[in-house]
Amino acid sequence: MSGYRSKKLIANNVNGKPFQLHGVTKYEKKMLDTIWGIETKQELQEWQETLSDEDAQLAESLITLVLLEHFDSFIEQEGDYELAKEVISKFTLH
């Protein structure tokens, strides 16, 4: 399945580079569109309270997935891992 690109998600790209979510179902796409249409955290919470337990968990998972993808894209943009590699090397066996 092709990547999902919400208009709001693209508008909130990382360092000018949009990111995509791959492998989401049509139902998940619909749920993401609903999430992007929500303006405040309170509105998001109120909407989630109207969902079944299963759908509320799915919404929470999708939100987490978007956050993780956002952070991953940000880290990928930075590209300089030398300090991290140096710190990690101190804890590896040689």
Mind checking the CD-CG spacing from E49 to L44? Nearest 0.5 Å is all I need. 10.0 Å
Could you pull out the closest heavy-atom pair between T25 and E28, with the gap in Å? N-OE1, 2.7 Å
Value rounded to 0.5 Å, distance of CE in M31 from CG in L62: 6.5 Å
Those residues at least two apart in sequence (or on a different chain) that pass side chain to side chain donor-acceptor pair (under 3.5 Å) with Q42 are E46
Return the set of residues passing side chain to side chain donor-acceptor pair (under 3.5 Å) with E43 (not counting sequence neighbours), or none when no residue passes. none
Taking all non-hydrogen atoms of both residues, which atom of A59 and which atom of Q48 are closest, and how far apart? CB-NE2, 3.9 Å
Contact between I35 and V66 at the side-chain level, heavy atoms closer than 4.5 Å - yes or no? no
Can you tell me how far CG of L32 sits from CD1 of I63, rounded to the nearest 0.5 angstrom? 8.5 Å
